[in-house]
Amino acid sequence: MRFHQSPRETPMTISLDGKVAVVTGSGRGLGRAYARALAAHGAAVVVNDVDGAVAGAVVDEITAAGGRAVAEVVAVGPSAAADGLVGRAVEAFGRLDIMCTNAGVLRDKMVWRLEDEDFDLVVETHLRGTFTCVRAAVRQFRAQNDAAGETGPRGGRIVAISSVAGQYGNLGQTAYSAAKAGIAAMVRTWALELERHGITANAVVPNALTRMVATIPGMAQVVEAAERGEPVPASLRMGMGLGTPDDVAPLVVFLASDAAATITGQAIFLGGDRLALFAHPHERSVAFEEGGWTVEKLSDLFANSVGQQLEPYGIPLMGRKQPTAG
């Protein structure tokens with residue numbers, strides 16, 4: 001089912017005035033776009049990166065535009081790094097309202113070539129880094145809520161960055177796909193745990209022309225053109241749902257705002273001109289056999305019953321065919 005959204009005659013104004021955000025991995029690419037957009041809508045931002053120069057450059061961009069930002073140079077993953085990021089927000093701006101976990105690394109290799117240290121680094125940064133940063137943020141959110149009491153402002157926003165690879169799988173991305181799928185699963189659990197505290201948790205599934213996309217054969221020139229400020233062709237923006245990092249940033253701002261106070265536990269895609277809500281894992285088809293199943297019954301009935309239409313795997317843009325049981 002597809003929807004075309006027409007502009008409102010009077011668009012809702014989204015303001016993050018008085019809010020404080022941490023954006024991990026925000027020195028470049030998508031993270032930089034998220035940090036700049038949050039700041040442009042009024043939030044004070046802690047810009048995080050392992051490269052102090054690029055983190056400082058983003059802080060300078062934000063402050064030059066009239067916003068508020070500080071840098072925290074640390075590699076996410078360890079608990080101490082997460083606690084330091086939250087502490088930096090409280091030290092600089094007095095509180096924390098938004099945790100956006102974007103930091104990540106790539107070590108793309110086919111499974112038979114993937115070494116332990118590469119797998120561990122990707123999972124440590126993406127999955128553990130999301131967990132430790134969210135845990136530290138939630139502890140701060142709850143402390144603020146307790147201090148506010150029943151009549152004071154409550155809440156907190158978790159915006160965790162997942163990936164289409166985490167939804168479908170992708171060639172050469174065992175570790176990355178596993179970590180990004182884990183992030184979406186954690187978000188669903190956090191939505192359950194945090195709802196009564198007024199804290200929302202959502203996963204953003206971005207699709208943008210970044211350095212990662214530039215590694216795909218034939219895409220390097222498209223990424224370079226976008227970085228020069230050239231318009232992204234409509235065939236990519238609409239047809240593939242692929243645009244610039246700035247195209248994704250409005251979704252992060254929206255989910256961080258009061259306008260999204262009732263949205264939680266969701267995985268939402270945005271890329272170019274395409275917005276989509278991902279379905280949660282669910283039972284596609286069901287069959288019953290009184291007394292239980294034998295191997296022979298499964299073999300006889302699977303293709304004509306539960307397995308009549310198997311689920312696809314691999315990012316659809318890669319042109320994979322629908323698998324069949326027969």
Notebook entry, point to check: Quick one: side-chain contact (heavy atoms from CB on, under 4.5 Å) partners of Asp247, sequence neighbours excluded?
Noted result: Arg237, Thr244
Notebook entry, point to check: Within the side chain of Arg88, is there an N or O that forms a donor-acceptor pair under 3.5 Å with the backbone of Ala71?
Noted result: yes
Checklist line | Chi angles and distances behind the salt bridge (charged side-chain N to carboxylate O under 4.0 Å, His left out) call for Asp118, Lys109 | finding: CA-CA 9 Å; Asp118 292 329; Lys109 295 178 183 177; 2.8 Å; yes
Notebook entry, point to check: With sequence neighbours excluded, what pairs up with Glu283 under the side-chain contact (heavy atoms from CB on, under 4.5 Å) test?
Noted result: Val286
Note to self: Working to the nearest 0.5 angstrom, can you tell me the gap between Leu209 CG and Leu30 CG?
What the structure shows: 10.0 Å
Please tabulate, one pair per line, all N/O donor-acceptor pairs under 3.5 Å involving side-chain atoms of residues 261-271, not counting sequence neighbours.
residue	atom	partner	partner atom	Å
Thr264	OG1	Ala201	N	3.0
Thr264	OG1	Ala201	O	3.4
Gln266	NE2	Thr264	O	3.0

Item checked: From CA spacing to verdict: side-chain hydrogen bond (donor to acceptor under 3.5 Å, both in side chains), Arg36, Ser26 -> CA-CA 9 Å; Arg36 286 162 38 114; Ser26 48; over 6 Å; no
Checklist line | Sequence neighbours excluded - side-chain hydrogen bond (donor to acceptor under 3.5 Å, both in side chains) pairs with any residue from residues 15-25 | finding: Ser15-Asp17
Check: Pairs in or reaching into residues 42-60: which pass side-chain hydrogen bond (donor to acceptor under 3.5 Å, both in side chains), with residues at least two apart or in two chains?
Finding: Arg28-Asp51
Note to self: If I take atom OG1 from residue Thr130 and atom CE from residue Met186, how far apart are they, to the nearest 0.5 angstrom?
What the structure shows: 5.0 Å
Item checked: Contact summary for Ala137 and Met99, nearest pair of heavy atoms -> CB-CB, 3.7 Å
Next item on the list: Applying salt bridge (charged side-chain N to carboxylate O under 4.0 Å, His left out), name anything that partners Glu195, two or more places apart in sequence or on another chain.
Entry: none
Notebook entry, point to check: Would one find more than 12 heavy atoms of other residues, nucleotides or ligands at under 6.0 Å from atom CZ of Arg142?
Noted result: no
Next item on the list: Take Tyr176 and His126, measure what ring-ring contact (aromatic ring centres under 6.0 Å, His included) needs, and give me the verdict at the end.
Entry: CA-CA 8 Å; Tyr176 181 75; His126 288 277; 5.2 Å; yes
Notebook entry, point to check: When you look at Val306 and Leu298, which way does the side-chain contact (heavy atoms from CB on, under 4.5 Å) test go after all the steps?
Noted result: CA-CA 10 Å; Val306 170; Leu298 288 170; over 6 Å; no
